[in-house]
Structure formats: C-alpha cells, structure tokens
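Naming: A, B, ... by sequence-line order, numbering from 1 per chain. Bear in mind that the values here come from a model prediction, so they are computed numbers and not experimental data.
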Protein chains: 2
Amino acid sequence: MAKSTARIGRKQLPPATITLKHVAERAGVSPITVSRVINTPDAVSENLREKVAVAIEALGYVPNRVAGALASAKSRVVPIIVPSLSNIVFLEVIQGAQDVLDAAGFQLLLGDTQFDLEREQALANTLLGWSPAGMIIAGLRHTERTRAMLRSWHRPVVEVMEYGARPIDMNVGLSHYKAGDAMGEHLVSRGYRNIAFVGARLKADYRATQRFKGLERCLKRHGLLCRPPFSQDAISSVELGGDALMRLLDMDKKLDAIFFANDDLAIGAILRAQREGIAVPKRIAIAGFNGLSLGPLVQPSLTTIMSPRQRIGQIAATKLLARIHGRDSGAATVDVGFSLREGGST
Amino acid sequence: MAKSTARIGRKQLPPATITLKHVAERAGVSPITVSRVINTPDAVSENLREKVAVAIEALGYVPNRVAGALASAKSRVVPIIVPSLSNIVFLEVIQGAQDVLDAAGFQLLLGDTQFDLEREQALANTLLGWSPAGMIIAGLRHTERTRAMLRSWHRPVVEVMEYGARPIDMNVGLSHYKAGDAMGEHLVSRGYRNIAFVGARLKADYRATQRFKGLERCLKRHGLLCRPPFSQDAISSVELGGDALMRLLDMDKKLDAIFFANDDLAIGAILRAQREGIAVPKRIAIAGFNGLSLGPLVQPSLTTIMSPRQRIGQIAATKLLARIHGRDSGAATVDVGFSLREGGST
DNA sequence: CTGAAAGCGCTTACAG
DNA sequence: CTGAAAGCGCTTACAG
C-alpha cells in the first residue's frame with residue numbers, strides 16, 4: 001500500500017526481529033565480535049564484551065540458532081532415538097540424558113522407532129538433517145545402512161541400553177544375557193526347578209529375549225528343562241502380567257517360578273496373585289527385571305534385577321559432551337552392570 | 001598440500017555432502033524445482049517430479065533442515081515445555097503429542113523447567129531461536145514476559161494440563177479445581193467428615209493446590225472443617241505416600257479420609273497400609289488423582305479421578321497442526337474433563 | 001509449471 | 001584482540 005514504506009530485505013519485517021547486526025550497531029562493534037561474545041567470550045576484550053552485553057540486554061536479542069547451525073554446520077541439539085515412549089525404562093534414560101545435556105545448554109530432540117529398524121533408519125536420517133552435535137540411540141542392533149550412516153557421520157554417537165561388542169562409536173549399557181543368567185542362578189539356588197519366562201512382544205524386544213537366552217543357558221548348565229518363552233502380542237503392562245500368571249498356572253501345573261521380562265509384568269502378577277489368593281512364592285515364585293521403585297512395596301516384595309537406567313542416560317550424555325568439547329571421554333564402552341535385589345517373591 | 005585440489009567454498013568438503021544443487025544438476029533441473037518436489041510436489045509436473053525423485057534416490061540426498069528453516073523462517077519442530085520429566089503425567093502428554101506430530105513429520109524438542117517460571121522463560125526464549133512451527137507448554141501460569149513473548153510470536157501455542165481463562169492462544173486441559181471439588185463430594189457422600197489433603201511440593205505444583213482449593217470449597221459448603229494441606233518437600237513418590245499416611249494417622253487421630261494429590265502417593269499409602277495392617281477404608285479412606293493403570297489392581301482398589309493425559313497431548317498436537325497447515329483448528333479452548341473412578345479404598 | 005536472483009542470520013577462515 | 005568478505009544450503013518473491 002504505502003509506497004513510502006522502506007522495504008527491508010524481501011518482505012516487510014516487523015521491526016522486532018533483532019539480529020546480530022542490530023546488536024553490533026548498537027554496541028559499535030562488528031557482527032563477528034558479537035558472535036564471539038556469545039560463543040567464545042574469552043576471545044574478546046573485557047571492554048567490548050561489556051558493551052556488547054549491554055546492547056544484547058537492551059535489545060532483548062535472542063540468537064537465531066538455526067542460522068548459527070547452518071553457518072557452523074553444527075547445532076546444540078542431540079537427538080535421542082528410542083524404541084518407544086510408552087516404556088518407563090526409556091523415559092528414565094531420556095531423563096538422565098536431559099539432565100546432563102540441559103545443564104550444558106543442549107536441547108534434546110525426541111525420536112521413537114516403534115521397535116522398527118527401518119523406521120529407525122529413516123528417523124536417524126532425518127535427524128541428521130538438523131546437524132546435531134551428537135546422537136544417542138537405543139540398542140546395538142540397527143540396519144546396516146543406519147550403522148554405516150552414523151559411522152561415516154564422524155560425530156559422537158552413543159548406543160545405550162545393552163552392552164556389547166562392536167558399537168558404532170561409544171556404548172553404555174549392561175549385558176542382558178548375563179542378567180538373565182544371574183536371575184536363573186538365583187531361582188535355581190532357591191530350589192525352583194520348573195521355571196518359565198514371560199514377556200510381551202519378544203520378537204521386537206530383543207533385549208528381553210537376551211535375558212531369556214541367559215536364563216536358558218543357566219537352566220541347561222543345571223540340567224534343567226527350559227520351556228520356550230511365553231510371549232504375548234500386546235504392549236507390556238501390569239494387567240498383562242496378571243493375565244499371563246493365570247494362564248500359565250492353568251497350562252502348566254508343575255510350574256514353580258516365573259521370570260517376567262520386566263517389573264511391570266511381574267508386579268501385575270504379584271497383585272493378581274494377591275487378589276486371587278495364590279500364595280507367592282509358595283505356589284509360584286515371581287521375579288522381574290528393572291528395579292522399579294514399586295517392587296519393594298508390594299507384598300511379597302519383588303525379586304528383581306536393578307538396572308541403572310537414569311545413570312545410563314547420564315553417562316551417555318556426559319561422554320557425548322566430552323567428545324563434543326574435545327575433552328577426554330574415557331572408555332568407548334561402559335558396562336554399567338546390574339544387581340539382583342532379593343525380595344519375598346522368590 | 002596438493003595445490004591442484006579444487007577448493008569448493010572455503011573448505012575441503014568431503015565429497016559426500018549432497019545438496020539440492022547436486023540433485024538439481026543430476027536431474028537437469030533448477031534447485032528450486034528440487035525444493036518444490038520435496039515440499040510441494042503437487043506444484044511440479046509429473047515428468048520433472050519423477051526425474052528429481054530418481055536423482056534424490058540415486059544420490060541418497062537428505063535435505064538440510066537447518067538451511068530450510070533459516071530460509072523460510074520456520075521449521076518442522078515443535079518444542080514441548082513441561083515442569084518435569086520425572087513425573088509420569090507429563091510424559092504421557094508428551095507421548096500423546098509425539099504420536100500425532102511424528103505422524104505428520106514433525107519433531108519434538110524437549111524442555112523441562114523444573115517447576116521454575118524464570119527457567120521456563122529462558123527456555124521458551126532459547127527454543128524460539130529454532131524457529132519452531134508452534135509450541136506446546138504445560139500450564140496457564142507463566143511470567144508476564146513469557147506470555148508477551150509467545151503472544152507476539154504469532155505462531156500457534158497450546159497451553160496444556162489445566163483448563164482456564166485467558167490462554168496465550170489455545171488451551172487443552174481440565175479444571176483441577178472442579179476435580180478437587182468432585183472428589184470432596186464423593187468423600188462426603190460416603191460419610192467421611194475428617195478429610196486431609198496430602199501433596200508433595202505443593203508450592204511448585206500449583207495444579208495440585210487447585211485440587212486442594214476445590215476440596216476446600218466443597219468442605220466449606222458442607223460446613224466441614226478443612227485442614228490445611230499437608231505438603232512434603234520431596235519429589236512425589238510411592239514411598240512418600242506411605243510415609244505421609246503413617247505421619248498423619250499419628251498426628252490426627254480423628255482423620256477418616258485422605259485425598260492424595262496424585263495416585264503415586266495414594267498407591268504408596270494403600271500398599272503401606274497393607275503392610276502395616278491398617279484397614280482401608282475402615283480405619284482410613286484413601287483417594288488419589290490421575291487414574292494410573294495400577295489403581296484398580298491394588299487392594300483395595302483405588303478411588304481416583306481419571307484425567308485423559310495422552311488425549312490432552314494428542315488434542316494439543318492436532319490443534320497445533322491444524323493451525324500450522326491453515327486448517328480449521330476448532331475451539332481455542334478445550335475442557336477435556338475428568339471422571340471419578342470409585343474403588344474399594346473409599 | 002519452471003527458473004535466476006536475492007536473501008535468511010549467522011560463522012569460518014583469513015588478515016592484520 | 002578485531003574485522004571485511006564469503007559462504008552455509010536452502011526458500012521467497014517475482015517474472016515468464
């Protein structure tokens with residue numbers, strides 16, 4: 001309309017888009033100096049630093065992260081890719097990572113694969129388009145293309161949850177195989193001889209399957225029968241654990257112990273047994289995996305394996321930051337281990 | 001070293017950074033056409049679209065989201081700001097939002113304020129530097145600057161969790177005040193007359209305080225004594241609920257019911273009562289808030305108020321997307337309501 | 001439907 | 001310690 005209106009750039013900008021240039025003008029310095037004050041303040045004399053800080057404050061300048069990321073080909077963003085957000089376990093890892101990254105001024109970008117490795121590949125691909133500073137990804141199993149892509153990316157990548165050989169870059173987790181074996185040992189030592197393993201969607205949840213494999217090895221070592229794992233095609237939940245308990249007791253009269261793939265299922269089984277008047281561990285022993293805080297509070301208290309999930313997230317983020325900042329990041333792989341917590345349920 | 005090496009731009013790029021230009025060259029079209037094929041394929045003839053698609057595939061081109069965001073001043077990213085990641089309630093909202101946004105090709109950027117409104121302001125400020133397409137933020141209470149900043153941003157913002165007047169833009173939630181009142185009505189109707197409210201860090205958790213205010217109004221209406229809320233300075237947890245139960249029973253012999261600020265606390269109280277041999281609801285009735293799936297499984301089953309947390313996230317994300325895409329987003333505010341689930345604990 | 005030009009707001013690499 | 005120039009990889013706005 002008004003011909004006289006000055007055109008800034010190609011469109012009518014509301015006057016409120018404050019850029020580096022505006023700050024520089026106000027402070028009477030060049031834009032690069034402003035950039036330095038923000039990113040590497042030690043490289044600027046105190047005199048100018050002060051002037052620039054005043055101008056930033058006065059104008060309410062907010063750096064455009066996007067422009068910075070484009071120019072430098074990196075951003076203060078770290079994607080974390082997990083199989084699912086409906087599982088408390090991954091959320092705790094995210095929480096641990098968030099604590100550390102946030103304190104360092106990094107933002108977490110969330111991705112979930114729905115336990116689908118092809119989706120994971122597409123997601124990782126897209127997320128790399130954000131020029132992240134590094135990446136955290138759950139698991140050691142990925143498509144070959146995902147592995148190749150992340151490896152040739154040449155930025156820090158931490159694979160979390162399970163501990164194992166040949167990570168893409170760094171790895172923080174625990175051996176689910178050993179954990180399964182340890183629980184098997186515990187059950188056998190307590191005198192149980194007919195032990196079942198119960199999970200949910202075991203095909204997708206290969207870490208749970210590794211726990212089963214560990215149990216299997218243990219039972220074989222003791223010359224005991226190892227039943228095939230009982231897997232239900234539903235999202236793991238407390239209800240599901242109770243249902244599984246009832247079905248198994250009905251199907252297999254000799255059963256004297258159940259090792260559930262996780263605490264949700266196991267707690268569901270204990271609560272269900274309570275309601276049905278089934279004696280735990282007398283009629284059936286129950287064990288879980290994860291070490292949720294509810295475990296010690298149910299009756300009988302749950303025997304389970306504690307995995308340090310938040311710590312996994314924290315360690316992963318700490319190693320990532322060390323590498324991003326060019327500091328020593330310590331060992332490339334960390335086995336955070338696990339511990340068995342004996343409760344009254346076995 | 002090798003003088004003959006061509007310099008592309010200012011540094012030696014590894015040959016593997018495929019850009020729009022490379023795709024355009026290979027397809028024999030201009031870069032803008034490639035851009036259109038990616039962003040608005042309908043605006044390109046099928047002939048060229050096909051050629052470009054082939055080139056993209058052949059080169060394994062991944063669009064640089066950062067460059068796109070800078071050029072267009074918007075990105076397919078949506079920050080979600082919540083008070084805490086250690087609370088399952090917010091995680092479920094995040095999950096609901098993620099489901100919807102992910103399906104639409106948007107990425108979620110995570111921020112937590114640790115229940116600090118100043119931190120929230122700084123976080124919102126930083127996150128705007130990512131040129132997000134919209135924002136989801138928990139709560140209706142923010143600093144005046146945060147409100148002004150988001151309002152003048154002129155992009156869709158959804159405030160979630162509680163429902164109330166004067167949102168910044170859109171609002172999806174429920175009335176915690178009414179929910180507290182409703183639980184009060186239930187308890188009074190069941191014959192309880194000495195009712196306490198128990199929470200954790202109520203100063204920070206103002207939504208829990210609103211539930212207390214609702215209870216207070218109800219008790220006054222019935223001419224009953226309303227005790228001050230009992231708040232503990234620790235993160236809400238199952239253990240804490242059990243401890244609070246024991247302390248209150250000891251402090252206040254007349255007490256016949258406790259309304260806990262959330263289900264974690266209430267379930268902890270029920271489990272503790274069970275272990276201590278305290279009769280629920282005979283000696284003391286227990287009620288919660290949230291509707292966690294564990295509630296119906298403990299003994300006695302928990303009376304609680306169900307809040308549709310995942311749905312809040314889904315609705316918020318859906319409205320955001322509608323506005324982003326210029327479609328009708330429906331009502332600016334949505335009261336998702338709540339429902340009281342009667343269990344055996346009252 | 002297609003393209004040449006200009007620009008988004010920063011940072012890199014160089015020079016002084 | 002400070003700055004002028006060039007460029008990051010896209011998209012906008014315009015023209016045809």
Nearest to side-chain heavy atoms of [X], which nucleotide of [options]:
X: B/I32; options: C/dG9, D/dA13, C/dC8; value: D/dA13
X: B/L70; options: C/dG3, D/dG9, C/dT11; value: D/dG9
X: B/R36; options: C/dC10, C/dT2, D/dG9; value: C/dT2
X: A/A71; options: D/dG3, C/dC10, D/dC10; value: C/dC10
X: B/T33; options: C/dT12, D/dC10, C/dT2; value: C/dT2

Should A/E120 and A/H142 be marked as a side-chain hydrogen bond (donor to acceptor under 3.5 Å, both in side chains) after you check the CA-CA gap, both sets of side-chain angles, and the distance that decides it? CA-CA 8 Å; A/E120 180 185 76; A/H142 317 284; 2.7 Å; yes

Would you mind telling me which residue lines up with the more 5' stretch of DNA chain D, A/L48 or B/L20, judged by nearest nucleotide?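 It is A/L48 whose nearest nucleotide is closer to the 5' end.
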
Decide yes or no, distance alone: a donor-acceptor N/O pair under 3.5 angstrom between the base of C/dG9 and the side-chain of A/R65.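 Side chain to base: no pair present.
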
Is the CZ atom of B/R327 crowded by more than 12 outside heavy atoms at less than 6.0 Å?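 Count over threshold, so yes.
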
Between [X] and [N], does any side-chain N or O lie under 4.0 Å from OP1 or OP2?
X: B/Y61; N: D/dC10; answer: yes
X: B/S35; N: D/dT11; answer: yes
X: A/N39; N: C/dT11; answer: yes

C/dG16 pairs with which nucleotide, Watson-Crick or G-U wobble, both distances below 3.5 Å?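 By the stated definition (distances under 3.5 Å), D/dC1 pairs with C/dG16.
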
